[in-house]
Trainee: 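Questions regarding the structure given below will be posed in turn.
Just so it is clear, the model here is predicted, and its values are computed rather than measured. The sequence lines fix the lettering, A, B, ..., with proteins before strands; numbering per chain opens at 1. Values below: every heavy atom of this structure, side chains too, minus hydrogens, waters and symmetry copies.
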Protein chains: 2
Amino acid sequence: MANIRDVANHAEVSVSSVSNVLNNRTDQMRPETLARIRQAMLELNYQPNRIAQQLKTGQTRMIGLLVPSIVNPSFAMLTREIDRAAKASQYRVLLGNTYRQADEERAFLEDMFAHGVKGVIVVATAMDRPHFVEAARQGLVMVNYDSLMSRDTLNGNPPFDSVSMDNVEAGRLATEHLIQRGCRQLVFVTESSLTISRSHKIEGFFVAAKEHGLQQSARVIEGTAKFAYGDAEMTELGRALAAKILQACPVPDGIVAINDALGIGLMAGLRDARIRIPEDISVIGIDNIPLADLVQPPMSSVIPPLTEMVNMMMKRLLMRIENPSLAPEAFLFAPKLISRQSVIEGEKQHIR
Amino acid sequence: MANIRDVANHAEVSVSSVSNVLNNRTDQMRPETLARIRQAMLELNYQPNRIAQQLKTGQTRMIGLLVPSIVNPSFAMLTREIDRAAKASQYRVLLGNTYRQADEERAFLEDMFAHGVKGVIVVATAMDRPHFVEAARQGLVMVNYDSLMSRDTLNGNPPFDSVSMDNVEAGRLATEHLIQRGCRQLVFVTESSLTISRSHKIEGFFVAAKEHGLQQSARVIEGTAKFAYGDAEMTELGRALAAKILQACPVPDGIVAINDALGIGLMAGLRDARIRIPEDISVIGIDNIPLADLVQPPMSSVIPPLTEMVNMMMKRLLMRIENPSLAPEAFLFAPKLISRQSVIEGEKQHIR
DNA sequence: TTGAAAGCGATACCAT
DNA sequence: ATGGTATCGCTTTCAA
């Protein structure tokens, strides 16, 4: 492949001039010279070598994307958005599945340094662990998605931005919806490993219950998935938990699932047990994966404003790569309710 | 960040010696010198700059992954496998969604050159178009997944490897299964845009029908999705096509769906029309996305041996990067049938 | 066994 | 308006 010197020779100019046109510094250039250089580039099918550019400038137009597992539809949708936003800024996405394993995460971060990647989006992973803190200290710019950590967990100022749906509000919204529709025996169903976003959702569940004097009966039921990152595992867990829920006394009439995958499994399990949804039990999920609309009945859910969130992440990443001294911030986005058919059309009158 | 010269100075040796230990050429080295260098690396927290290494060696340990859309669960599963296989060879994955758009594909390929990526996996995309042929001519090593092209389409020798499920066999297997279970009015349902793999599946459908003297009644019913790459769109299409199928005369008793997403939508649409599955109509999909096991009834499907296929792709990619003169080959993998509950438990006795 | 120096392909400063 | 050249961090050949 032709390099900058070949082009320079071919056009009978210096490499500097070629470099100038590469970098759009053509204002002072004689149009004729410019034309000759352009021509030479075309004829030689010249493509500038980014590796060399990077070595010189220290900039790679790549961002890292660390996800627990791309097979999770929420993360797949997120990834598509990130890819879109990255392209809009002329960036490419370097993907890594880490299954929330510390050694996978560490390896990914190391590779980011090695490949000269300056900015990484870390999805749904607690970032108070040493490898993340250390990477930040070494200058890696990171944005966390959906694992907002408390300041004290990070003793003081977190060294990265954070973008998240307001998970307390999401839990509250889902629960409130059930209550408005007349449910009184509320259960929140979750996987037992506690991530930040999960505990926030649970918090929102209790906030809503309390608001309506239902804190006595409101319960959390949990189970352990083989792997906490997978979607198939989540759905399996949901299916398995249906039995546990039906043993509960009294049997609930409204269920909030920590995420859609679990909720869908739950619905399948309940249906197997001849429970009618929503007549006997109402179910609502959180996250709104595409699948939620395809099951029977279509499942109501709570949805994060994905595009806005991704745009913010990209914006912050680029800003802080440009200006590393910029203080990290936390951004919270309000979720919305998507009402479908898995929640009973009960008493719609305003309660209390 | 410390560089190789800092380490050399700190250890009071030359950069060459440091480079030698980086590249494991320590056999001739005095253990004492080696120890000093190792020590210096640790103390300075030295990480070799891969960009600089790449500029010198021309090698980036990244492979490109071009997918129509990561949101499609089949491609997400594939991506996870590719990520695993890449890590096993110390590679990382550079992801691009192209939505089967020529300009997106072109941009992706250009970026691969720009980033020094030598090998790309191209998923479910016809590669007879000029930008792929040209990229191959310029030395990009590619493996195609699931779009095996006929040799004449590529006039002569295709310039890339190809790994694919035997789609004719997949279509045949699915159809044969329906026939074995007693279905006689067969319909193959598909999206109307014809990819290679799709026409092969249809071919297999007719092969099986013919084998059992059912070619007269066997029909293809198709519809057009808004976007042919999306999963949600596929499912929507399936749902919409249910009506069209029920208008067909005679109404079919066995349906092969071109992929699971469409099959699942179809089942939803049929159920809305009060058709019982599998009692009234049997449905079988192709691809085996995780979802297939979660719908009601769980959908039978035909499954490609994903891990083996991905290992082969990775192996071929690395082989041909090392030795570009290696002739490309096409690899076909036999699919397997996964029997669940969407096909009637009909006459199991051997037919004809 | 270790070191010196050229070179990978760009950029950018300083001349002219 | 254009050119010369040091430089980025590493690899590799050749010399000592």
Side-chain angles (χ1 to χ4, degrees), chain A residues 1-41 44-62 110-111 113-118 138-139, chain B residues 1-41 44-61 110-118 138-139:
Chain A
M1 283 237 299
N3 66 23
I4 200 172
R5 268 215 315 280
D6 298 329
V7 176
N9 291 337
H10 197 88
E12 299 180 290
V13 294
S14 72
V15 290
S16 317
S17 295
V18 180
S19 175
N20 281 333
V21 357
L22 281 183
N23 294 279
N24 289 318
R25 286 183 293 256
T26 56
D27 25 316
Q28 314 264 53
M29 191 175 276
R30 227 161 61 215
E32 180 195 313
T33 317
L34 175 58
R36 258 203 345 275
I37 295 175
R38 286 254 156 77
Q39 182 62 26
M41 287 177 168
L44 298 178
N45 200 307
Y46 171 68
Q47 299 280 32
N49 180 325
R50 296 282 156 104
I51 302 289
Q53 290 179 324
Q54 286 161 32
L55 177 58
K56 186 64 190 174
T57 63
Q59 286 287 339
T60 323
R61 293 190 91 78
M62 292 192 295
E110 276 175 16
D111 283 5
F113 281 107
H115 285 295
V117 174
K118 295 280 186 288
Q138 297 197 151
Chain B
M1 282 235 300
N3 66 24
I4 199 172
R5 267 215 316 281
D6 299 329
V7 176
N9 290 337
H10 197 89
E12 299 181 290
V13 295
S14 72
V15 290
S16 319
S17 295
V18 180
S19 174
N20 281 333
V21 354
L22 280 183
N23 294 279
N24 288 318
R25 286 183 293 256
T26 56
D27 25 315
Q28 314 264 54
M29 191 175 276
R30 228 162 58 215
E32 178 195 315
T33 318
L34 175 57
R36 261 207 338 279
I37 295 175
R38 286 256 156 78
Q39 182 62 25
M41 288 178 167
L44 298 177
N45 200 305
Y46 171 68
Q47 298 280 33
N49 180 326
R50 297 284 155 103
I51 303 289
Q53 289 178 325
Q54 285 160 33
L55 177 58
K56 189 64 189 173
T57 62
Q59 284 288 339
T60 323
R61 294 190 89 80
E110 276 174 16
D111 283 4
M112 293 306 101
F113 281 107
H115 285 294
V117 174
K118 295 279 184 290
Q138 297 196 149

Trainee: For the pair made of CD in Gln47(B) and C1' in dG9(D), what is the distance, rounded to whole Å?
Mentor: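 Distance, rounded to whole Å: 14 Å.
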Trainee: Please write out each protein N/O paired with an N/O of nucleotides 1-4 of chain D under 3.5 Å, distance rounded to 0.1 Å.
Mentor:
| unit_1 | atom_1 | unit_2 | atom_2 | d |
| --- | --- | --- | --- | --- |
| dA1(D) | OP2 | Gln28(A) | O | 3.2 |
| dA1(D) | O5' | Gln28(A) | O | 2.2 |
| dT2(D) | OP1 | Thr33(A) | OG1 | 2.2 |
| dT2(D) | OP2 | Arg30(A) | N | 3.0 |
| dG3(D) | OP2 | Ser14(A) | N | 2.7 |
| dG3(D) | OP2 | Ser14(A) | OG | 3.3 |
| dG3(D) | OP2 | Ser17(A) | OG | 3.2 |
| dG4(D) | N7 | Ser16(A) | OG | 3.0 |
| dG4(D) | O6 | Ser16(A) | OG | 2.6 |

Trainee: Tell me what Glu32(B) touches on the nucleic acid: a base, only sugar-phosphate, or nothing, going by heavy atoms under 4.0 Å.
Mentor: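 Touches nothing.
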Trainee: Please determine which of Asn9(A), Ile4(A), Asp6(A) meets the side-chain contact (heavy atoms from CB on, under 4.5 Å) test together with Val15(A).
Mentor: Ile4(A)
Trainee: Could you tell me whether the side chain of Asn3(B) and the main chain of Arg5(B) form a donor-acceptor pair under 3.5 Å?
Mentor: yes
Trainee: Using a heavy-atom cut-off of 4.0 Å to chain A, what are the terminal contacting nucleotides of DNA chain C, in 5' to 3' order?
Mentor: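 First and last nucleotides in contact are dG9(C) to dA12(C).
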Trainee: Looking only at side-chain N and O atoms, does Arg25(B) come under 4.0 Å of OP1 or OP2 in dT11(D)?
Mentor: no
Trainee: In Å, rounded to the nearest 0.5 Å, how long is the span from CZ of Arg61(B) to CD of Gln54(B)?
Mentor: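 It comes to 10.5 Å.
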Trainee: Rounded to whole Å, please give me the gap between CG in Asn49(A) and P in dC8(D).
Mentor: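 Spelled out: CG on Asn49(A) to P on dC8(D) is 18 Å.
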Trainee: Please assess Ile51(B) against Ile51(A) for the test side-chain contact (heavy atoms from CB on, under 4.5 Å), listing each intermediate value before the final yes or no.
Mentor: CA-CA 6 Å; Ile51(B) 303 289; Ile51(A) 302 289; 4.2 Å; yes
Trainee: Which distance, rounded to the nearest 0.5 Å, do you find between the CZ of Arg50(B) and the OG1 of Thr60(A)?
Mentor: 13.0 Å
Trainee: Just how far is it from atom NZ of Lys118(B) to atom CE of Met112(B), taken to the nearest 0.5 Å?
Mentor: 12.0 Å
Trainee: Just the rounded figure in Å: distance from P of dC8(D) to CG of Asn3(B).
Mentor: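 Going from CG in Asn3(B) over to P in dC8(D) covers 8 Å.
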Trainee: Using a 4.5 Å cut-off on heavy atoms from C-beta on, say whether the side chain of Ile37(B) contacts that of Tyr46(B).
Mentor: no
Trainee: Return the value, rounded to whole Å, for the distance between atom CG of Asp6(B) and atom C1' of dC8(D).
Mentor: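 Going from Asp6(B) (CG) to dC8(D) (C1'), I get 13 Å.
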Trainee: Under 4.0 Å, counting only non-hydrogen atoms across every strand here, what does Ile51(A) touch: a base, just sugar-phosphate, or nothing?
Mentor: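 The answer is nothing, as Ile51(A) stays clear of every strand by at least 4.0 Å.
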Trainee: dG9(D) C1' sits how many Å from Leu55(A) CG, rounded?
Mentor: 6 Å
Trainee: Please report the distance, rounded to the nearest Å, between CD in Gln53(B) and C1' in dC10(D).
Mentor: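 Value for this atom pair: 7 Å.
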